[in-house]
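Reading through the structure tokens given below for one structure.
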Amino acid sequence: MEWVYIKDLKNYVERDVELRGWVRRKRSSGKISFIEMRDGSGFVQVVIEKSTVGDDNFAQADKLRLESSLIVRGKVRKDERAPNGVEILANEVIPVQIPSEDFPIQKPDHSIEYLMDHRHLWLRAKRQFHVLRIRDAVMKAIRKFYWERDFVQVDTPIFTGAIGESAGNLFEIDYFDYGKVYLAQTGQLYLEAACMALGKVFNLGPTFRAEKSKTRRHLIEFWMNEAEVAYYEHEDNIRLQEDLVYYIVQYVLNNAYDDLIAIGRDVSKLGKVQKPFPRMTYTEAVEFLQKHGSDIKWGNDLGADEETTLSKQFDSPLFVTHYPRHVKAFYMQPDPSNPEVVLCDDLLASEGYGEIIGASQRIHDYDLMIERLEENNLPIDKYDWYLDLRQFGSVPHSGFGLGVERTIAWIAGLEHIREAIPFARTLYRIHP
RNA sequence: UCCGGCGUAGCUCAAUCGGUAGAGCGGGUGGCUGUUAACCACUAGGCUGGGGGUUCGAGUCCCUCCGCCGGAGCCA
């Protein structure tokens, strides 16, 4: 008998099939029972009649508990009473393994602490099934976008020396007898090197921030997509980000629509995302906020509340550009028309989800880079190879980093970023 | 690091002014051929996070430790 996946059952109506999966839910009467079965591809109801399977097999099937694994052989039937149009009338139910204890997650009525303690089992819940499929769609969209545009994927290292934007939030690792290495908080500097070799490059991988952040937008370990393009300047950079984010939204709408619906996402809001995205300079943003009652002063960085206020004005993500250079990283290119601000942008997701991209044109002038490193008290000798890039055929170049989980949380409408990754690493939680 | 909140049955939560520890779900047993968070009957289940204190008496008040949750800063 042919083993088929639940998602393909509609092509097997009136045929005998074998399903391999797990018991999601069970309801039983004396002579008939119903098993809601899942197999990783979908969900279907199995009807077990005592008169069809026989007394012995019915008794055996009755012993199945939640999350027992089982193999079912039976006939695919169209049935209006079934939620997805088809159900299985069992001929034979073969238990694979029956747990000796209750499955810890029974009803959608658990605290977040309890669910996170049981994350390895929580993944089997319907909502998590759909969220992880949306994550998969976002990942595919990102790679597809770049490959369609002739970018080369360059995988940047996880172990790095103490080099990056700042040294204070790095995870330290013992590296044999040679001292310390650090977990990457960005691959940007390496992508800057790679773009001088390959032109248009991107990465997609985990990054680590030793920041004691406890908010719905923060993870200790999160995935970042970074891109870097030689000869791209500020405006090219913004257009690339706009195209990417728009592409991801469209791809998810086209390829994971059912998953969005299943978790109750208001897809009309995603439908309103349109190019070009709205833009505001930092200075305009400060003026706007001041008019609306904020006491923010020019020169202060935007806080979480300010970002939310700004992004809620628009249906599409908002670019905030030209920040004061003192609130941004050392490597950002000054604006030629006003050296007090830099050629950078943050992309703030709509609906109050906050920053999903940080971007800038990078300084390509050797002397200016030295000046900025000194200004920030960074160890110039550690940046030797980074400075080499300004020594040998330096060109203007730009890039950005996209927070993958924040993007997923926004697109899926999640309340907390920890659901956007299979096993979230947050402050005080590394188990399971 | 700072601010706030929570910790009671396997799970989610009640418990009035400090006065005998309760419910729903889940589990067990029995019943039911169309259930969708099935239903009906019966049933078992507790060191109230740990330690200390106040009191005739503490789930409740105080101190302390632990765990978790949310927010700020910082960032993606």
Side-chain angles (χ1 to χ4, degrees), chain A residues 24-36 43-53 58 62 65-66 77 79-84 87 89 99-118 125-126 164-166 168-169 184-188 205-226 241 245 300-308 317 327-329 345-349 353-359 400-410 415-418 420-421 426-429 431:
Chain A
R24 194 178 108 77
R25 245 169 225 157
K26 194 179 121 183
R27 296 171 283 275
S28 67
S29 301
K31 291 171 185 150
I32 186 169
S33 62
F34 304 92
I35 286 174
E36 205 178 314
F43 305 86
V44 72
Q45 176 163 275
V46 177
V47 183
I48 305 164
E49 295 175 344
K50 199 175 200 172
S51 57
T52 308
V53 300
F58 190 84
D62 202 48
R65 322 173 68 164
L66 258 57
R77 291 198 312 201
D79 195 310
E80 306 232 329
R81 290 168 294 192
N84 45 359
E87 61 179 26
L89 179 62
S100 56
E101 292 175 34
D102 300 341
F103 192 69
I105 299 171
Q106 301 273 355
K107 288 277 171 88
D109 192 20
H110 295 288
S111 64
I112 202 67
E113 177 182 356
Y114 183 84
L115 290 170
M116 288 305 288
D117 283 342
H118 297 83
K126 213 166 191 171
E165 298 178 20
S166 61
N169 48 13
Q185 57 173 236
T186 172
Q188 178 197 319
T207 49
F208 306 86
R209 302 279 165 95
E211 294 161 358
K212 293 201 166 182
S213 302
K214 293 165 62 75
T215 80
R216 74 185 68 198
R217 300 183 308 281
H218 286 88
L219 294 169
I220 302 301
E221 173 185 325
F222 67 96
W223 282 59
M224 190 151 64
N225 158 235
E226 296 172 288
Q241 296 158 47
V245 171
N300 296 348
D301 202 1
L302 302 179
D305 286 349
E306 280 95 21
E307 287 187 355
T308 302
V327 304
K328 288 293 180 184
D345 66 83
D346 284 356
L347 184 64
L348 310 180
Y353 276 92
E355 184 179 346
I356 56 171
I357 282 181
F400 62 89
L402 170 87
V404 171
E405 285 78 16
R406 285 189 183 175
T407 303
I408 295 164
W410 164 55
E415 292 215 349
H416 198 297
I417 195 172
R418 70 186 146 217
I421 186 166
T426 57
L427 199 54
Y428 310 133
R429 183 173 287 287
H431 175 89

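Letters A, B, ... mirror the listed sequences (proteins, then strands); counts begin at 1.
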Testing B:U1, B:U35, B:C75 for proximity to the side chain of A:Glu307, the answer is B:C75
Shortest non-hydrogen pair, A:Ile356 vs A:Arg406, comes out as CG2-CB, 3.8 Å
Those residues at least two apart in sequence (or on a different chain) that pass ring pair (Phe, Tyr, Trp, His ring centres under 6.0 Å) with A:Tyr114 are A:His110, A:His118
query: Has the side chain of A:Arg216 got a donor or acceptor atom sitting under 3.5 Å from an opposite partner on the base of B:C69?
result: no
By nearest-nucleotide position on RNA chain B, the 5'-leaning member of A:Glu49 and A:Pro104 is A:Pro104
*Is any side-chain N or O of A:Ser213 under 3.5 Å from a base N or O of B:C74, one able to act as donor and the other as acceptor?*
yes
Sorted by chain and number, sequence neighbours left out, side chain to side chain contact (heavy atoms under 4.5 Å, CB included) with A:Lys328 holds for A:Tyr323, A:Met332, A:Val342, A:Cys344, A:Asp346
- Could you give the distance separating B:C68 and B:G49 at their C1' atoms, to the nearest angstrom? 11 Å
Among B:U35, B:A72, B:G70, the one nearest any side-chain atom of A:Thr215 is B:A72
Per atom distances to the A:Asp305 side chain, the nearest of B:A76, B:A72, B:G67 is B:A72
Original post:
OP1 or OP2 of B:U33 less than 4.0 angstrom from a side-chain nitrogen or oxygen of A:Arg27, does that happen here?
Top reply: no
The correct list of stems in which RNA chain B takes part (3 or more consecutive Watson-Crick or G-U pairs, distances under 3.5 Å) is B:1-7 with B:66-72, B:10-13 with B:22-25, B:27-31 with B:39-43, B:49-53 with B:61-65
Looking only at heavy atoms, the pair that brings A:Val53 and A:Ile48 closest together is CG2-CG2, 3.8 Å
For B:G24 and B:C39, measure between their C1' atoms and round to the nearest Å.
-> 16 Å
Task: Rounded distance in Å between the C1' positions of B:A58 and B:G53 - done: 11 Å
Winner on side-chain proximity to A:Phe34, out of B:G73, B:U33, B:G34, is B:G34
**Report entry** Base of B:G34 paired with side chain of A:Arg77 (donor-acceptor, under 3.5 Å)
**Finding:** yes
Problem set entry | Distance-only donor-acceptor test (3.5 Å): side chain A:His110, base B:C11 | no
Of the candidates B:C11, B:G34, B:C69, the side chain of A:Arg418 sits closest to B:C69
From the candidates B:C74, B:G26, B:U12, the one with an atom nearest any side-chain atom of A:Asp102 is B:G26
Taking for A:Gly303 and for A:Tyr114 the nucleotide of RNA chain B with the nearest heavy atom, the one nearer the 5' end belongs to A:Tyr114
Minimal heavy-atom distance between A:Leu89 and A:Arg77, with the atoms involved, is CD2-NH1, 3.6 Å
Quick note, A:Glu87 side chain, CB onward, closest among B:U35, B:C74, B:A37 is B:U35
| field | Distance between P atoms of B:C42 and B:C25 (Å, rounded) | value | 13 Å
Relative to its sugar, using the 90° cut-off around 0, the base of B:C17 is syn
*Side chains of A:Ile408 and A:Trp223: closer than 4.5 Å at any heavy-atom pair?*
no
Side-chain atoms of A:Asp79 come closest, of B:G27, B:A76, B:G34, to B:G34
Inter-nucleotide P distance (B:U64, B:G4), Å rounded:
13 Å
- prompt: So, is A:Lys214 close to the B:G71 phosphate, meaning a side-chain N or O under 4.0 Å from OP1 or OP2?
  reply: no
task: For B:U33 versus B:G67, give the span between their C1' atoms, rounded off to a whole number of Å.
output: 49 Å
Quiz prompt | Nearest-Å distance once atom C1' is located in both B:A44 and B:C2 | solution = 47 Å
query: Less than 3.5 Å between a donor and an acceptor, one on the side chain of A:Ser51 and one on the base of B:U33, is that the case here?
result: yes
Side chain A:Glu101 and base B:G27 donor-acceptor under 3.5 Å: no
